[in-house]
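Working notes, structure below.
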Amino acid sequence: MLANVRGAGVTLTEEIAGEPRPLAPGVELSAFRIVQEALSNAMRHAPGAAVTLRLRYQPDALAIRVVNAAPARPVTAPGGGHGLPGMRERAAMLGGDLVAGPTPDGGYEVSAFLPAGPSAGPPRKGDESAP
């Protein structure tokens with residue numbers, strides 16, 4: 001997914017903190033979908049803006065933060081889709097939360113906290129759902 005975003009011309013920086021580990025399948029899928037939607041929104045609503053993806057593995061949770069800089073040009077993309085509500089629902093299903101909104105510099109931020117518990121065991125062969 002990240003390679004596709006970069007291939008579309010987005011300057012994408014990724015930062016990983018903590019010790020990456022396999023998570024429960026529902027957590028991994030929700031994390032993947034939240035990151036996917038946040039990156040899609042950044043591309044749609046802030047064309048040309050640099051984007052940073054931060055994943056922080058904590059002993060009992062995964063924190064996700066996707067921040068885009070202010071768009072390089074005015075944005076006319078329509079809003080009103082199901083992206084943000086869907087991301088909030090995914091986080092809430094796991095007992096987590098998601099907040100989103102503008103940043104002081106004119107960009108936008110999506111931050112999610114997903115309870116994850118201890119390691120879910122070894123990675124599953126061929127699993128592409130992890131962010």
Side-chain angles (χ1 to χ4, degrees):
M1 169 179 42
L2 302 184
N4 289 340
V5 170
R6 288 183 179 113
V10 175
T11 300
L12 175 63
T13 303
E14 62 182 298
E15 301 171 5
I16 299 175
E19 189 64 37
R21 66 184 188 280
L23 303 171
V27 176
E28 287 189 0
L29 179 59
S30 290
F32 180 86
R33 296 294 184 216
I34 287 168
V35 169
Q36 182 179 46
E37 182 65 25
L39 292 173
S40 176
N41 285 348
M43 293 170 62
R44 184 178 314 112
H45 298 290
V51 180
T52 301
L53 165 63
R54 292 184 181 104
L55 300 176
R56 189 173 73 234
Y57 288 85
Q58 300 171 346
D60 61 349
L62 175 65
I64 301 167
R65 185 170 183 235
V66 179
V67 181
N68 62 265
R73 58 190 178 278
V75 180
T76 57
H82 299 290
L84 286 173
M87 288 189 281
R88 283 189 183 101
E89 288 172 7
R90 285 188 178 276
M93 283 186 333
L94 298 169
D97 63 5
L98 183 134
V99 294
T103 61
D105 66 353
Y108 202 81
E109 175 178 345
V110 173
S111 293
F113 179 83
L114 306 178
S119 175
R124 295 173 307 284
K125 186 168 183 108
D127 185 2
E128 298 176 10
S129 65

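Computed from a predicted model, the values in this text were never measured in an experiment.
If you chain together hydrophobic residues whose side chains sit under 4.5 Å apart, Tyr57 and Val35 fall into the same group. Under the 4.5 Å side-chain heavy-atom criterion for Ile, Leu, Val, Met, Phe, Trp and Tyr, Leu114 and Val67 are members of distinct hydrophobic clusters. Leu62 and Leu53 end up in the same hydrophobic cluster when Ile, Leu, Val, Met, Phe, Trp and Tyr side chains are linked at under 4.5 Å. Ile16 and Val5 end up in the same hydrophobic cluster when Ile, Leu, Val, Met, Phe, Trp and Tyr side chains are linked at under 4.5 Å.
When each of Ile34, Leu12, Thr52, Val51 is paired with Val66, the side-chain contact (heavy atoms from CB on, under 4.5 Å) condition holds for Val51 and for no other.
With sequence neighbours left out, the salt bridge (Lys or Arg N to Asp or Glu O under 4.0 Å) criterion links Glu15 to Arg54. Looking at residues two or more places apart in sequence or on another chain, you find no side-chain hydrogen bond (donor to acceptor under 3.5 Å, both in side chains) involving Arg56. Among residues two or more places apart in sequence or in another chain, the side-chain contact (heavy atoms from CB on, under 4.5 Å) test is passed with Ala69 by Ala49. For the side-chain hydrogen bond (donor to acceptor under 3.5 Å, both in side chains) test, residues two or more places apart in sequence or in another chain that qualify with Gln36 are Arg33. Residues passing the side-chain hydrogen bond (donor to acceptor under 3.5 Å, both in side chains) test with Ser111 are Glu109, sequence neighbours excluded.
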May I have the step-by-step check of side chain to side chain contact (heavy atoms under 4.5 Å, CB included) for Leu39 and Val10, ending in yes or no? CA-CA 10 Å; Leu39 292 173; Val10 175; over 6 Å; no
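Residues in residues 2-11 take part in these side-chain hydrogen bond (donor to acceptor under 3.5 Å, both in side chains) pairs, two or more places apart or across chains: Arg6-Glu14.
Here the closest heavy-atom approach between residue Met87 and residue Ala38 is recorded as SD-N, 4.0 Å. Nearest approach of Phe113 to Gln58, heavy atoms of both residues: CE1-OE1, 3.3 Å.
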Per-pair distances, 0.1 Å, donor-acceptor, side chain in residues 88-103, under 3.5 Å, sequence neighbours excluded:
{"from": "Thr103", "atom 1": "OG1", "to": "Asp105", "atom 2": "OD1", "distance (Å)": "2.4"}
{"from": "Thr103", "atom 1": "OG1", "to": "Gly107", "atom 2": "N", "distance (Å)": "2.9"}
{"from": "Thr103", "atom 1": "OG1", "to": "Gly107", "atom 2": "O", "distance (Å)": "3.4"}

